[in-house]
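Below, each value reflects all heavy atoms present in this structure, side chains not excepted, and no hydrogens, waters or symmetry copies. To find a chain, count down the sequence lines: A is the first, B the second, and so on, and within it residues start at 1.
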Protein chains: 2
Amino acid sequence: MPGQNGRSFSSRQYPCEKCPLRPLPAFREFEKQELAFVSTFKKGELAVDKGATVLVEGSHSAHLYTVLSGWAFRYKLMSDGRRQILNYSMPGDLIGLQGSLMGEMQHSIEALSPMLLCVFEREHLPELYRNHPGLAYDITWIASREERMLDENLLSIGRRTALERAAYLIAFISSRARAVGLNGKTPVRIPITQQHIADTLGLSLVHTNKTIRKLIDRKLIVWRDGGCEVIDGERLRELARWEGLGEDRRPLI
Amino acid sequence: MPGQNGRSFSSRQYPCEKCPLRPLPAFREFEKQELAFVSTFKKGELAVDKGATVLVEGSHSAHLYTVLSGWAFRYKLMSDGRRQILNYSMPGDLIGLQGSLMGEMQHSIEALSPMLLCVFEREHLPELYRNHPGLAYDITWIASREERMLDENLLSIGRRTALERAAYLIAFISSRARAVGLNGKTPVRIPITQQHIADTLGLSLVHTNKTIRKLIDRKLIVWRDGGCEVIDGERLRELARWEGLGEDRRPLI
DNA sequence: CGCTCGATTGAATACGATCAATTACTGTGG
DNA sequence: CCACAGTAATTGATCGTATTCAATCGAGCG
């Protein structure tokens, strides 16, 4: 199917039984029947281009997605254009749950790289709740996990200095990416611009640049190929006074 | 039962069938059988004093609470003492869900006033998911609502100026309080100190004071009896460039 | 080659933090 | 009833971090 608006839908290339993510140690094992249901729940796959808007504030999407591959960010805009990035999405993350449950989306999501998404129909969610309490529990768990990340981000923006914030953010994203196996032999390259970092940390672009530069000069990270790579995650966490993810295995819908 | 640690447990004075909150227009109607289950789910009531810690970061509480009356706030501490207040809890809000789902609490909760809490046992949660998919859905909905509030708070701290932030926070809390009928004939008095506001907005106490003073001088709020009252919510929202809650009826567990 | 986008840098300013008191209010004990 | 202690609010002065303004630089692209 040809792409319009930077997106193209296809039925399925990755049946849930052969999900490339599920075998990762980050994810919990699933019961056979749960996996079977998720497989019927999945309607198809959606490929989106870098820069495309996956979901937009104010819309009532009929769909819910799981990221199969690629990166995105979730953000809100004020009427005068100020932007706040709320969190990042990467493989294994659910996108659009808030909208599915509550109706209207109150934030937007944009792809940071080409992405492949599993598409689910929001209208089948009640069926999931009726017939698969374990999966229902998992979805609540996932919502709670997002809340936990937001708590930590709020602490960061509210109480950390600019340098600590930048260190925290990069360490945080990098830890999450590692957990889903995004590091090959080379370190993960986080595909964001300094403008994204600025809009996440609540700083100006100029000051963000000067702050990032300090991290580079201290050899904690490098900036290349339009993105960021962590060199010394340990010292980044220390600088940020951050305890780390401390996450155990999580469900994958 | 006598109180220790500022808390005292009693069986129940408010059976769910006579819940003082449920009839409020802010809450959805419940099926008879759902109400019956919630009633058995409720173990008793807990009264806590102002200033008492309801749940503490790092603990594994066996309980989950719904606020029947009173105010609390949810916060995180950094090892060096910096505090970030994440959100406020008021009647109808669920407390401790994150901990119930994920094990360890990663934030603390402290009472801002004397409170009365409905006590639920975390270990009965799976039963709720098995037998009451509607309630399970409601709990996810509640988690999503909290996430939505955090999104908005993050936007505020990240992108609003000090004056806008203060205006937003007070308008936000006051709107929520109104929705659960906390206003009699007089406006709601929000029982917080300026230190709480400072720790919510990510500002220093001194600067918070000067900012609040501007709101008072502009006659948008008054400060009295150790708390804050809104005089002109409309202009507060305008000043904050905030769209308002826009919430419809929500579930009450 | 000229264009655009993202990164970078210097300079001037402003917003908010910090330091240091002072004031107002409440509850307590003499 | 008053002195006193403790908490919360308030104010002025100074300092510093982050914003804004204004360029420049470098890489990728048509």
Side-chain angles (χ1 to χ4, degrees), chain A residues 49-51 73 78 80-85 110-113 156-170 189-218 221-229 239, chain B residues 49-51 73 78 80-85 110-113 156-170 189-218 221-229 239:
Chain A
D49 293 342
K50 168 176 168 169
F73 64 97
M78 288 178 64
D80 60 5
R82 280 176 281 183
R83 179 174 76 170
Q84 177 64 38
I85 295 182
E110 183 179 320
L112 280 168
S113 71
S156 194
I157 299 193
R159 287 303 180 205
R160 279 190 247 254
T161 66
L163 190 64
E164 289 171 341
R165 271 185 240 187
Y168 160 72
L169 178 66
I170 294 171
R189 194 186 114 270
I190 305 169
I192 53 179
T193 67
Q194 297 190 357
Q195 183 67 65
H196 291 120
I197 297 199
D199 286 349
T200 311
L201 302 183
L203 298 171
S204 72
L205 177 58
V206 172
H207 194 62
T208 298
N209 177 273
K210 288 169 182 166
T211 305
I212 293 287
R213 190 113 286 284
K214 285 184 194 169
L215 295 179
I216 296 172
D217 291 343
R218 294 191 190 186
I221 63 172
V222 290
W223 201 270
R224 70 160 165 247
D225 295 334
C228 166
E229 288 174 21
L239 176 56
Chain B
D49 293 343
K50 167 176 171 170
F73 65 96
M78 288 178 64
D80 59 5
R82 281 177 278 183
R83 179 174 76 169
Q84 177 64 39
I85 294 182
E110 183 179 320
L112 280 168
S113 70
S156 193
I157 298 193
R159 287 303 179 205
R160 278 190 247 254
T161 65
L163 190 63
E164 289 171 341
R165 271 184 239 187
Y168 160 72
L169 178 66
I170 294 172
R189 193 182 59 81
I190 305 169
I192 53 180
T193 67
Q194 297 191 359
Q195 183 68 64
H196 291 120
I197 296 198
D199 287 349
T200 311
L201 301 183
L203 297 171
S204 71
L205 177 58
V206 172
H207 195 63
T208 297
N209 177 273
K210 288 169 181 167
T211 305
I212 293 289
R213 190 112 285 285
K214 285 184 193 169
L215 296 179
I216 296 171
D217 292 343
R218 293 191 191 187
I221 63 171
V222 290
W223 201 271
R224 70 158 165 247
D225 295 335
C228 166
E229 289 174 22
L239 176 56

Between [N] ([atom2]) and [X] ([atom1]): distance, integer Å:
{"X": "Leu201(B)", "N": "dA17(C)", "atom1": "CG", "atom2": "P", "answer": "10 Å"}
{"X": "Asn209(A)", "N": "dA22(D)", "atom1": "CG", "atom2": "C1'", "answer": "15 Å"}
{"X": "Leu112(A)", "N": "dG6(C)", "atom1": "CG", "atom2": "P", "answer": "12 Å"}
{"X": "Ile197(B)", "N": "dT10(D)", "atom1": "CD1", "atom2": "C1'", "answer": "15 Å"}
{"X": "Lys214(A)", "N": "dT8(C)", "atom1": "NZ", "atom2": "C1'", "answer": "15 Å"}
{"X": "Ile212(B)", "N": "dT11(D)", "atom1": "CD1", "atom2": "P", "answer": "13 Å"}
{"X": "Gln194(A)", "N": "dA27(D)", "atom1": "CD", "atom2": "C1'", "answer": "15 Å"}
{"X": "Asp225(B)", "N": "dA9(D)", "atom1": "CG", "atom2": "C1'", "answer": "14 Å"}

Under 4.0 Å between a side-chain N/O of Arg213(B) and OP1 or OP2 of dT11(D), yes or no?
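Answer is yes, contact under 4.0 Å.
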Within-4.5 Å side-chain heavy-atom neighbours: [X] and [Y]:
{"X": "Gln195(B)", "Y": "Arg83(B)", "result": "yes"}
{"X": "Leu169(B)", "Y": "Arg165(B)", "result": "no"}
{"X": "Thr211(A)", "Y": "Lys214(A)", "result": "no"}
{"X": "Gln84(A)", "Y": "Arg160(B)", "result": "no"}
{"X": "Leu163(A)", "Y": "Leu215(A)", "result": "yes"}
{"X": "Ile212(A)", "Y": "Ile216(A)", "result": "yes"}

Got a list of protein N/O to nucleotides 17-19 of chain D N/O distances below 3.5 Å?
unit_1  : atom_1 : unit_2    : atom_2 : d
dA18(D) : OP1    : Ala162(A) : N      : 3.4
dA18(D) : OP2    : His207(A) : NE2    : 2.8
dA18(D) : O5'    : His207(A) : NE2    : 3.3
dT19(D) : OP1    : Ser204(A) : N      : 3.0
dT19(D) : OP2    : Ser204(A) : N      : 2.9
dT19(D) : OP2    : Ser204(A) : OG     : 2.8

Is it the case that the side chain of Arg159(A) and the backbone of Leu203(B) share a donor-acceptor pair, with hydrogens and angles ignored and the cut-off at 3.5 Å?
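Between the backbone of Leu203(B) and the side chain of Arg159(A) there is a qualifying donor-acceptor contact (under 3.5 Å).
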Distance in Å, Ile170(A) CD1 paired with Ile197(A) CD1, rounded so as to fall on 0.5 Å steps:
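Rounded to the nearest 0.5 Å, the CD1-CD1 separation comes to 4.5 Å.
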Per the end-axis method with five pairs at each terminus, what is the bend angle of the helix from dC1(C)-dG30(D) to dG30(C)-dC1(D), to 10°?
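Taking five pairs per end, the axes differ by 30°.
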Got a sec, which residues hit salt bridge (charged side-chain N to carboxylate O under 4.0 Å, His left out) with Arg189(B), two or more places apart in sequence or on another chain?
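Arg189(B) satisfies salt bridge (charged side-chain N to carboxylate O under 4.0 Å, His left out) with no residue once adjacent residues are dropped.
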